[in-house]
Amino acid sequence: MCGIVGYAGAAQAGPLLLEGLARLEYRGYDAAGVAVQGDAGQIAIVREAGRLENLAKKTDCGLLLDGCCGIGHTRWATHGAPDKRNAHPHASPGNRVAIVHNGIIANHRALRAELEAEGCVFLSETDTEAAVLLLDRCYARLAGKPPRARAVQALMEMAARLEGSYAICALFADQPGAVYAVRRGSPLAAGRCSGAQAGYMIASDVHALAGYAEAAVFLADGEIAVMTRDALRLYDAAGKPAARPPEPIDADAGCAKKGGYAHFMLKEMHEQPRAVRDTLAPFILRDGDLLHADLSAAGLDEAALLSVCRVLLTGCGSAFHAGLAGRAMIERLAGIPCEAELASEWPSRLPPPEGTLAVVISQSGETADSLAALRLLRAQGVRTLALVNAPHSAMAREADRVLLTRAGQEIAVATTKAYAAQMAALGLLAVRLAAAKGRLAHGREHALLRALLDLPETLKCLLGEGESMKRIAREIGDAQSVFFIGRGIDAAAAMEGALKLKEVSYIHAQAYPAGELKHGTLSLIERGTPVIAVCTQREQAERMRASMAEAASRGARCILIAGEGCAEEAEGEVIRLPGTEPLFAPLLAAVPMQQLAYYAGCARGNDVDRPRNLAKSVTVE
Ligand code: M6R
């Protein structure tokens with residue numbers, strides 16, 4: 001994980017690096033650090049444990065650092081405790097070479113042993129330190145070569161020895177004014193800055209560049225970049241000069257503000273109506289009086305859809321939960337066999353049969369497990385569709401087809417609006433597949449699309465009614481465990497509810513298909529244990545009532561989140577959802593569960609936008 005940034009130009013690097021890191025902090029917030037190079041080449045390193053604000057305080061927001069060239073890092077700890085010693089940048093003795101690194105160097109133990117045998121002394125527990133000491137050795141051996149060729153060659157030699165994934169930015173004390181970078185697996189984008197910041201900036205994602213650069217070059221795997229004030233030079237993995245046209249980037253990306261809300265999570269919950277509307281709008285067209293869906297812009301024209309015999313949905317965390325709901329929508333509407341599997345589990349599965357469309361779902365488009373699944377599926381010859389929220393992400397660039405969710409940048413670690421957009425997009429895909437397969441009676445496609453287009457208004461009403469969940473959040477604040485249950489598509493919604501609650505409130509929460517309670521979990525129910533039941537499908541209402549009764553008779557405090565017509569004869573507290581097409585109702589059910597998580601997190605004094613131990617973008621496997 002982690003976010004890295006580098007700058008070489010006319011302006012003081014410190015404040016720019018700090019600003020870049022602030023925009024990358026969603027990638028990790030265990031520690032942060034910068035290395036700034038002065039005109040004479042000397043490299044000054046400042047590192048602090050904890051949030052970026054600690055580094056900002058120490059450096060007066062970067063103003064205390066002198067030099068127009070530097071690199072920075074915000075850390076999500078993988079190797080070594082989240083303390084100052086393990087914070088990046090890491091350097092070789094005398095700060096001859098300093099690097100920041102995002103990723104994991106899988107063979108770091110072997111490298112460390114080899115380097116220690118040669119007399120190197122390690123000061124941290126990180127995998128990164130092996131890389132910088134190795135780079136220093138390679139660089140020293142190449143003394144006498146012209147400076148740039150020497151550094152490029154040293155980076156190539158280092159890269160040839162590293163296993164795993166990495167994006168690395170490096171400074172060399174004897175090359176003032178130049179930032180070097182190399183990547184494999186982990187992303188890097190570089191752009192030309194103008195005006196007072198004239199020069200070049202490089203970062204783990206374009207959010208750090210937005211507003212400074214208008215366009216960015218996305219480094220290919222194995223590529224090496226050299227940035228100075230006047231130029232960005234690229235070299236391929238063999239050291240040959242390379243070229244790639246820059247792609248325009250959105251000037252507002254990365255500049256998200258809370259807009260009067262107490263937290264990004266709350267703001268993003270309230271942005272769900274817009275996220276759903278913007279995601280659906282490009283694909284739903286009016287044909288006379290009727291609506292119809294057209295996904296050709298996402299590479300799914302009639303012929304492509306007709307050839308789909310099977311769908312595989314994969315992703316991690318909430319994206320996987322959206323995939324589980326998508327499975328139910330696609331199977332029910334299109335009648336196509338559909339499988340949902342965690343991306344991290346995909347490598348241990350058999351390749352899918354011919355005719356499979358694999359949908360890889362991800363907000364960031366950078367999640368390492370999902371990216372690895374995408375690459376494996378492509379290598380197996382499977383057609384892939386990336387359902388992603390980040391247009392410049394690795395998944396968007398590598399998949400055969402892309403269906404963009406347009407939720408806008410999501411800052412809070414707990415996903416809300418991106419999940420809602422994924423659910424809406426999967427509903428749309430299900431409708432379109434069903435229409436292509438001739439499964440929808442006249443007018444049914446229109447009715448389903450109408451229901452999708454009505455979701456934003458319905459969401460708005462629902463978001464205005466958070467009071468009951470606020471009270472319930474207070475009441476369950478001391479619970480040891482909270483259980484979430486549902487059947488069919490509602491089991492997927494329950495899983496999302498449980499994840500949200502544990503992620504934001506740190507209360508242990510577990511989701512089960514309701515029928516499974518009696519096969520073991522009932523033993524955990526005690527007097528007052530909260531059980532949140534989700535029921536949006538009428539045909540499940542009676543069986544859900546039975547499951548709730550089983551829990552209630554053991555003392556559980558049951559709260560039912562009920563779709564239209566699903567709460568008749570229900571006992572205990574009921575949160576009623578507005579009416580919609582039942583298959584889309586789980587998208588609505590997410591809202592009260594998000595509110596529950598948010599208010600429970602706030603009541604416990606947690607940092608709801610940046611829960612402990614987590615990061616927004618999980619770029620390590
Ligand atoms: O960026 P992605 O959608 O690929 O992220 C996948 C998960 O890490 C993510 O959904 C995670 O579970 C959320 N923080 C849950 O709120």
Side-chain angles (χ1 to χ4, degrees), residues 1 3 24 26-29 76 186-187 204-205 207 263-266 268-269 272 275 279 313-326 340-346 359-375 386-396 398-399 402-405 407-423 425-426 484 492-506 509 511 590-591 593-598 600-601 606-621:
M1 256 119 78
L24 297 175
Y26 73 90
R27 300 175 76 93
Y29 33 80
W76 185 79
S186 308
S204 300
D205 88 35
H207 293 138
H263 296 97
F264 278 111
M265 181 177 174
L266 188 60
E268 287 161 3
M269 281 159 61
Q272 291 181 99
T279 297
L313 299 142
T314 190
C316 302
S318 298
F320 171 64
H321 299 155
L324 284 171
E341 178 60 282
L342 285 163
S344 52
E345 289 295 310
W346 191 246
V359 185
V360 184
I361 308 165
S362 173
Q363 186 284 128
S364 61
E366 299 288 351
T367 300
D369 289 323
S370 307
L371 188 56
L374 173 75
R375 287 175 177 159
L387 180 56
V388 292
N389 196 44
H392 296 292
S393 58
M395 287 181 220
E398 292 186 29
V402 181
L403 179 49
L404 268 190
T405 52
Q409 194 192 358
E410 199 176 55
I411 302 284
V413 166
T415 181
T416 51
K417 62 175 180 171
Y419 169 79
Q422 287 162 356
M423 293 284 281
L426 288 165
F484 288 74
M495 288 170 79
E496 177 58 9
L499 177 62
K500 214 90 305 170
L501 184 66
K502 62 187 147 198
E503 185 175 28
V504 177
S505 73
Y506 315 155
V591 172
M593 293 189 281
Q594 293 164 355
Q595 290 167 331
L596 181 70
Y598 174 75
N606 297 351
D607 183 345
V608 292
D609 283 339
R610 294 180 294 185
R612 68 184 180 203
N613 304 337
L614 299 178
K616 181 72 182 158
S617 185
V618 186
T619 57
V620 292
E621 282 183 55

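Note that the structure is predicted; figures quoted are calculated from it, not measured. Every number for a ligand or one of its atoms is a count from 1 in the order of the listing.
- For a threshold of 3.5 Å applied to N or O pairs, the pair formed by Thr367 and ligand 1 contains at least one separation below that value.
- Val618 CG2, 4.0 Å is the protein heavy atom nearest to atom 8 (O) of ligand 1.
- A distance-only check finds no donor-acceptor pair linking the side chain of Asp609 to the backbone of Ala412 [under 3.5 Å].
- Note: an N/O pair closer than 3.5 Å links Gln363 and ligand 1 by distance alone.
- Closest heavy-atom contact between Thr279 and Ala421: OG1-CB, 3.5 Å.
- The shortest N/O to N/O separation between Val413 and ligand 1 falls below 3.5 Å.
- With Glu268 contributing its side chain and Ile411 its backbone, the two residues share a donor-acceptor pair below 3.5 Å.
- Under a 4.0 Å heavy-atom criterion, Ala414 is in contact with ligand 1.
- Ligand 1 has Cys316 within reach: a non-hydrogen atom of the residue lies less than 4.0 Å from it.
- Counting protein heavy atoms only, atom 1 (O) of ligand 1 is closest to Ser364 OG, 2.7 Å.
- Within ligand 1, the atoms closer than 4.0 Å to a non-hydrogen atom of Ala319 are 3 (O), 10 (O), numbered from 1 in the order shown.
- Of the protein's non-hydrogen atoms, the one nearest atom 11 (C) of ligand 1 is Ser318 N, 4.2 Å.
- For ligand 1, one of its N or O atoms has an N or O atom of Ser362 under 3.5 Å away.
- Here the side chain of Thr314 pairs a donor or acceptor atom with the backbone of Glu341 at under 3.5 angstrom.
- Counting only distance, with no hydrogens or angles, the side chain of Thr405 and the backbone of Ala407 share no donor-acceptor pair below 3.5 Å.
- A salt bridge does not link Glu410 with Lys417: none of the charged nitrogens is closer than 4.0 Å to a carboxylate oxygen.
- Counting heavy atoms closer than 4.0 Å to ligand 1, residue Leu499 contributes side-chain atoms (C-beta onward) but none from N, CA, C or O.
- For Glu366, no heavy-atom contact with ligand 1 is shorter than 4.0 Å.
- Under a 4.0 Å criterion applied to the non-hydrogen atoms of Gly317, ligand 1 contributes the atoms 12 (O).
- Not a single donor-acceptor pair under 3.5 Å links the side chain of Tyr506 to the backbone N or O of Gly601.
- Each of Met495, Met593, Gln594 was checked for a side chain to side chain contact (heavy atoms under 4.5 Å, CB included) with Lys500, and the lone residue meeting it is Gln594.
- Scanning the protein for heavy atoms near atom 14 (N) of ligand 1, the closest one is Glu503 OE2, 2.6 Å.
- Note that CZ of Arg27 and NZ of Lys616 are 12.5 Å apart. Values are rounded to the nearest 0.5 Å.
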